[in-house]
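Quick caveat, the model's predicted, so the values are computed rather than measured.
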Amino acid sequence: MPSFALPLALALVAAVPLSGQAVALVDARGHIDLGRYYTAAETNQILEEYAALYPDLIAVEEIGRSYLGAPLMVATLTNRATGPAHEKPALYVDGGLHAAELTGSSVATHLLAHLLSGYGNDPRVTRLLDESVFYIRPKFAPDGSDLVLREDQPLRSSVRPVDNDLDGVPDDDPPQDLNGDGWITQMRVPDPEGPWYADPDDPRVMLRVPSDGSLPQGARRYRTESEGLDDDGDGRIDEDGIGGLDLNRNFPRNWEREHLQPGAGDFPLSEPETYAAVRFLHDHRNITGIVHGHTSGGFVYRLPSASAPSLFPTDDLALIEHLGAEYTRTTGRPVRPSATHPTEHRYGTLISWGYWDQGVIGWVPEYSPGPEMWVPDYDGDGRISESEELRYDDEELGGRYFVEWTPIDHPTLGAVEVGGWKTRFWGQNPPPEHLEEETTPQLPWILYLAEQAPRLELSAAVASADAGGVEIEARVTNTGFQPTSLTGRGAVGAPNRVVRPVRLTVELEGAELVEGEARVDIGHLAGTGPFVPEVAERTGGASWTVRATGPGARVRVVAASEKAGTVRSEWFDLEGR
């Protein structure tokens with residue numbers, strides 16, 4: 001049995017929320033430690049503690065179970081006193097789909113803390129939670145992220161076994177911790193043809209051998225391998241690690257099989273984590289945007305993602321570029337198209353499904369630009385060298401993120417050295433000491449996206465009354481930035497549009513409808529933004545004639561939109577009219 005079996009079983013146990021936790025993770029002010037990474041169990045505990053601390057602002061629900069049976073949790077944040085969640089526009093935010101991309105989960109958890117602790121103290125946050133909803137899923141794939149945190153295993157997404165080397169046995173050659181330090185680092189193997197040599201000034205640093213092969217006097221050449229053994233005896237090391245699926249290639253829009261898209265899974269939504277996401281997004285029709293947190297690189301991927309750029313609607317692209325410009329303004333980081341080639345692109349991504357099937361614009365922030373974010377340019381040459389990284393780690397972080405090269409006797413390679421950077425927290429994710437420094441600048445843009453949602457404003461009045469009844473007139477206006485269709489894609493397909501149109505309804509008590517339809521679809525309404533020209537009018541309306549049939553007769557008008565929320569007029573008393 002592979003060496004990871006027992007720790008993986010323990011990870012499953014730890015992924016279940018524990019009752020009666022001795023140590024609280026949320027303080028009385030609603031704050032959490034933003035300078036650390038949390039396991040799935042700890043994250044679920046945070047959600048539970050927030051629900052107890054702010055029962056009117058947060059509800060927590062399980063939307064499914066992971067491959068190993070861990071609960072898939074989503075938090076719904078809104079002020080329920082101002083209306084139910086499903087009647088307000090919402091933003092969906094997640095993190096941790098890719099197991100080792102831990103910063104996405106940290107941003108989602110930081111957003112949760114910022115919103116809850118800020119309500120009543122921060123006017124922007126207060127307004128948003130009064131008028132909007134945030135659906136936050138910090139741990140998209142808890143099995144994988146827990147394995148990474150506990151064993152430092154390199155893992156793309158799910159722990160479901162995959163036969164990567166096609167030898168008939170899945171997951172039979174994973175990386176292993178040979179020096180027993182709890183980290184999976186590298187091995188440097190003496191090799192006269194190797195592409196690396198140790199820097200004579202600091203032997204910890206590996207330098208690329210020049211093209212002419214010249215080396216300093218006494219320098220030794222190496223090749224590098226992942227820390228591990230050739231467990232299956234095929235002459236290769238660590239070529240069939242744990243899992244192998246890529247959950248962000250498992251969504252049902254433009255899905256393709258393994259020959260075109262490695263890691264796609266057996267069929268669209270074959271994995272419980274992706275099925276739960278699509279089920280949730282489909283059922284919560286008020287979602288107006290998707291923030292799908294990943295790492296690394298320090299930028300945001302935008303649409304198109306899993307289709308040729310030439311196929312993507314240009315009007316919607318203009319809207320996307322406008323919304324993305326705010327990310328660059330607030331963070332100084334770029335926005336990049338996820339697909340740039342007519343045929344060579346990703347398949348089966350979440351944001352592609354969200355756009356084409358739901359009309360919703362999605363984003364993939366690649367948090368954590370790398371060590372240049374936290375390491376100073378000591379020599380002022382405009383670049384961050386590995387020597388400068390080591391200096392900073394030594395002087396400022398106590399050398400915590402570099403493992404000194406240690407000789408070991410490898411059973412097949414002979415005398416090698418194990419060591420190098422703890423890359424999980426030195427590039428792919430920031431070290432915990434710099435985590436809050438990365439998550440904090442991401443929040444303003446996320447709040448901005450929520451603020452761009454369409455919103456309805458309703459006016460209704462009694463127009464006239466005579467023996468034939470009472471005439472009621474109603475006008476509804478979209479006061480938000482985006483149209484009620486969100487995008488041109490959302491407006492496609494009348495009468496069964498991708499996003500359903502705005503609907504006006506009369507509600508009657510002790511009265512009957514004399515003239516007009518009780519339910520009137522008025523189409524989509526434009527927002528204040530200049531985009532989506534196919535949705536032109538910002539205001540629509542309808543009128544009805546109603547008549548009292550008994551005591552206490554009254555009527556009111558309801559305006560409802562999947563994306564812009566639901567608003568109601570006052571009740572109009574029909575007696576005496």
Side-chain angles (χ1 to χ4, degrees), residues 83-90 131-133 282 284-289 313 315-316 319 357-361 452-465 468-509 511-547 554-572 574:
H86 69 275
E87 293 188 353
K88 302 174 184 177
E131 299 176 354
S132 307
V133 182
H282 180 272
H284 293 76
R285 309 290 294 186
N286 58 331
I287 290 172
T288 64
D315 289 336
D316 282 350
L319 171 59
D357 288 59
Q358 303 290 308
V360 176
I361 295 171
Q452 307 316 300
R455 299 179 190 279
L456 298 184
E457 185 176 280
L458 175 66
S459 62
V462 174
S464 63
V470 177
E471 184 180 359
I472 305 294
E473 288 187 351
R475 302 289 290 174
V476 61
T477 301
N478 177 13
T479 62
F481 180 81
Q482 288 182 254
T484 58
S485 65
L486 298 182
T487 56
R489 175 63 183 178
V492 166
N496 296 313
R497 294 186 172 110
V498 175
V499 176
R500 298 186 185 106
V502 179
R503 174 174 292 174
L504 287 172
T505 306
V506 287
E507 293 184 347
L508 302 166
E509 291 185 3
E512 64 180 359
L513 185 63
V514 176
E515 185 176 342
E517 299 291 331
R519 185 181 68 197
V520 180
D521 288 344
I522 62 172
H524 282 296
L525 300 177
T528 60
F531 306 100
V532 193
E534 54 266 53
V535 181
E537 300 296 327
R538 289 187 59 205
T539 299
S543 62
W544 305 265
T545 301
V546 299
R547 180 169 54 213
R554 60 181 188 166
V555 60
R556 72 174 174 182
V557 181
V558 179
S561 162
E562 282 189 339
K563 305 302 182 183
T566 299
V567 290
R568 296 171 175 83
S569 75
E570 63 177 318
W571 283 101
F572 296 103
L574 298 181

Side-chain contact, heavy-atom cut-off 4.5 Å: [X] with [Y]?
| X | Y | value |
| --- | --- | --- |
| V498 | D357 | no |
| T477 | L525 | no |
| W544 | L504 | yes |

Residues that [X] engages under salt bridge (charged side-chain N to carboxylate O under 4.0 Å, His left out), provided they are two or more places apart:
| X | answer |
| --- | --- |
| E473 | none |
| E471 | none |
| R500 | E562 |

May I ask you to decide if [Y]'s main-chain N or O and [X]'s side chain share a donor-acceptor pair within less than 3.5 Å?
| X | Y | value |
| --- | --- | --- |
| T545 | V470 | no |
| N478 | R455 | yes |
| N286 | A85 | yes |

**Prompt:** Who pairs with V567 by side-chain contact (heavy atoms from CB on, under 4.5 Å), at least two apart in sequence or on another chain?
**Reply:** L456, L458, A559

**Complete:** Residue set satisfying side-chain contact (heavy atoms from CB on, under 4.5 Å) with Q452, at least two apart, ordered chain then number -> L323, Y448, F481, Q482

Smallest separation among heavy atoms of [X] and [Y], with atom names:
| X | Y | value |
| --- | --- | --- |
| V555 | V506 | CG2-CB, 4.4 Å |
| I472 | V546 | CG1-CG2, 4.2 Å |
| P533 | D315 | CG-OD2, 3.3 Å |

**Message:** Before you tell me yes or no, could you show the steps for S569 and R556 under side-chain contact (heavy atoms from CB on, under 4.5 Å), namely the whole-Å CA-CA distance, both residues' side-chain angles and the distance that decides it to 0.1 Å?
**Reply:** CA-CA 6 Å; S569 75; R556 72 174 174 182; 3.6 Å; yes

Distance, nearest 0.5 Å, that separates [atom1] of [X] from [atom2] of [Y]:
| X | Y | atom1 | atom2 | answer |
| --- | --- | --- | --- | --- |
| I361 | T288 | CD1 | OG1 | 9.5 Å |
| L486 | Q358 | CG | CD | 10.0 Å |
| L508 | R554 | CG | CZ | 11.5 Å |
| F531 | T487 | CZ | OG1 | 13.0 Å |
| E457 | T539 | CD | OG1 | 9.0 Å |

**Prompt:** Is the count of non-hydrogen atoms from other residues, nucleotides or ligands lying under 6.0 Å from E537 atom CD greater than 12?
**Reply:** no

Just list the side-chain donor-acceptor pairs under 3.5 Å for residues 515-524, sequence neighbours left out, or say none.
from: D521; atom 1: OD1; to: R503; atom 2: NE; distance (Å): 2.9
from: H524; atom 1: ND1; to: T484; atom 2: OG1; distance (Å): 2.8
from: H524; atom 1: ND1; to: S485; atom 2: N; distance (Å): 3.3
from: H524; atom 1: NE2; to: V499; atom 2: O; distance (Å): 2.8

**Worked verdict on V557 versus E507 for side-chain contact (heavy atoms from CB on, under 4.5 Å)** = CA-CA 6 Å; V557 181; E507 293 184 347; over 6 Å; no

**Prompt:** Pick one: which of R285, R568, K563 meets salt bridge (Lys or Arg N to Asp or Glu O under 4.0 Å) with E87?
**Reply:** R568

